[in-house]
Amino acid sequence: MQDSQPSKAAAFYELTKPGIVVYVTITAGVGAFVGSRGSLELWLAFHTMFGTGITTAGALALNQYTERDADSMMMRTRGRPIPSGRLSPISALYFSQALLLSGLAYLTLNVSWLPAAIAAFSAVIYQGVYTPLKSRSYGATLAGGVPGALPTLIGWSAATGTLEPAGFALFGITYLWQLPHVLALAWMLREDYRLVGFKLIPRGGGRIIGMHMVTATAALLPTVVSPSILGYTGVWYLAGALIATTYFLWVTINAARNMTSAAARKVFQTSLLYHPVLLGLMLFDTIRL
């Protein structure tokens, strides 16, 4: 009995997908830093990142509640807290709702209404559009990139009080980056997804998927330069972003020629490095006014 409470606490923690939460909070923080032109106050950074983190944790936990039946069928997810029996569905539902609402209230009270509204919109798209579309259409992958990229605008609006072209440029970078990232993962897990009827990859097999990867990555080339064109980042960011994006594009082109699981894994691993590199370059080379 002494182990039951720590085990349950660990299960609730796992339900929030903490690795994703941390990355989302960092993305929101970078968006706020660039939007402030490097003059972001520490308290605002903390409130923005903390509120975004709680809201994201709630949305991710709620998604696991919604997809608990599908999770129980897939090898990759059957060990998650709900399908494994470590948490009851009802306790996961109450926990996720409490986190989500608390995060939105925290952002509203400690930052402003606009980032809270964007965070709420992100949760609605994630739960109300992306999740039900997964079993119906490849459009789920395209829609799922929206909540994944909105943390940039949460951070931007927290720092500036508004939405501006440069903020949408950061949104576009994050959105386009996700497409080859998610498609590569979906190709590697295609048997699991087929088992539960998830349609996260376009019809036509590996060649078509490769074309979608290449198209999204090629679109990144003009998009990554926009923060510098708009005067928010300098030449170090610009040079580094172009080099990183060119390499990413080369990897996706090679994968498209022969879409094997190994090629998809190479795209996925490259994507895991690519976006953090861009965020680091933004932090290093934001132009201060």
Side-chain angles (χ1 to χ4, degrees), residues 17 19-35 52 56 60 118 122 125-126 130 138-156 165-188 200-202 209-230 232-233 237-256 263-286:
K17 297 185 178 179
I20 297 177
V21 169
V22 169
Y23 192 72
V24 166
T25 60
I26 292 172
T27 303
V30 172
F33 183 80
V34 177
T52 302
T56 301
L60 292 170
I118 295 171
S122 176
I125 295 297
Y126 187 63
Y130 167 68
Y138 168 60
T141 297
L142 304 178
V146 174
L150 282 174
T152 57
L153 293 181
I154 295 173
W156 191 280
F168 284 104
L170 267 60
F171 171 89
I173 292 168
T174 306
Y175 179 84
L176 290 170
W177 156 73
Q178 289 178 92
L179 295 181
H181 172 84
V182 171
L183 285 171
L185 181 64
W187 179 253
M188 291 188 292
L200 295 175
I201 51 179
I209 292 167
M211 290 174 57
H212 283 241
M213 288 181 178
V214 171
T215 301
T217 314
L220 273 169
L221 275 172
T223 308
V224 295
V225 306
S226 52
S228 293
I229 292 173
L230 294 168
Y232 281 83
T233 53
Y237 163 80
L238 180 61
L242 284 173
I243 292 170
T245 306
T246 300
Y247 175 73
F248 193 14
L249 178 59
W250 177 77
V251 171
T252 59
I253 290 173
N254 282 339
R265 187 173 296 106
K266 178 69 172 177
V267 173
F268 182 73
Q269 291 170 342
T270 302
S271 72
L272 290 177
L273 293 173
Y274 172 78
H275 196 241
V277 166
L278 288 191
L279 296 180
L281 287 167
M282 289 177 190
L283 288 174
F284 174 76
D285 201 26
T286 291

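Reckoned from all heavy atoms, side chains included, excluding hydrogens, waters and symmetry mates. Computed from a predicted model, the values in this text were never measured in an experiment.
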*OG1 of T270 to NE2 of H275: how many Å apart, nearest 0.5 Å?*
15.0 Å
*Find the distance between CD1 (I154) and OG1 (T27) and round it off to the nearest 0.5 Å.*
10.0 Å
*Kindly indicate whether the side chain of P276, heavy atoms from C-beta on, has any atom under 4.5 Å from the side chain of Y23.*
yes
*Taking side chain as C-beta onward, heavy atoms only, is Q269 less than 4.5 Å from V251?*
no
*For residues L153 and F168, determine if any side-chain heavy atom of one lies less than 4.5 Å from a side-chain heavy atom of the other.*
yes
*Y126 side-chain N/O to L60 backbone N/O, donor-acceptor pair under 3.5 Å*: no
_Consider side-chain contact (heavy atoms from CB on, under 4.5 Å). Of V225, T152, T223, T245, which one does I173 pass it with?_
T223
Please table the atom pairs, donor to acceptor, closer than 3.5 Å between any side-chain atom in residues 211-219 and protein atoms at least two apart or in another chain.
residue : atom : partner : partner atom : Å
H212    : ND1  : Y138    : OH           : 3.0
T215    : OG1  : M211    : O            : 2.8
T217    : OG1  : M213    : O            : 2.7

*asked:* Looking at every heavy atom in both I125 and A143, which two are closest together, and how far apart are they?
replied: CG2-O, 3.9 Å
*Closest non-hydrogen atom pair between G144 and Q178, with its separation*: O-OE1, 4.2 Å
*asked:* Counting C-beta onward and ignoring hydrogens, is there a side-chain heavy-atom pair between Y237 and V224 closer than 4.5 Å?
replied: yes
*Heavy atoms, side chains only, cut-off 4.5 Å: are Y274 and P180 in contact?*
no
*Nearest non-hydrogen partners of G35 and Y232, listed with the distance*: O-CE2, 4.2 Å
*Measure the spacing between CD1 of I209 and OG1 of T141 and express it to the nearest 0.5 Å.*
9.5 Å
*First locate atom CG of L242, then atom CG of L249, and finally report the distance between them rounded to the nearest 0.5 Å.*
11.5 Å
*OG1 of T174 to NE2 of H181: how many Å apart, nearest 0.5 Å?*
12.0 Å
_Min side-chain heavy-atom separation L279-F33 under 4.5 Å_ = no
_For T233, give me all partners under side-chain hydrogen bond (donor to acceptor under 3.5 Å, both in side chains), at least two apart in sequence or on another chain._
S228
*Looking at L150, L170, L142, L220, which hits side-chain contact (heavy atoms from CB on, under 4.5 Å) with Y175?*
L142
_Quick one, L230 and P165 - any side-chain contact, counting heavy atoms below 4.5 Å?_
yes
*Are the side chain of S122 and the backbone of I118 linked by a donor-acceptor contact shorter than 3.5 Å?*
no
_Side chain proximity check, L183 to W187, heavy atoms < 4.5 angstrom_ = no
*Rounded to the nearest 0.5 Å, how far does OH of Y247 lie from OG1 of T252?*
11.0 Å
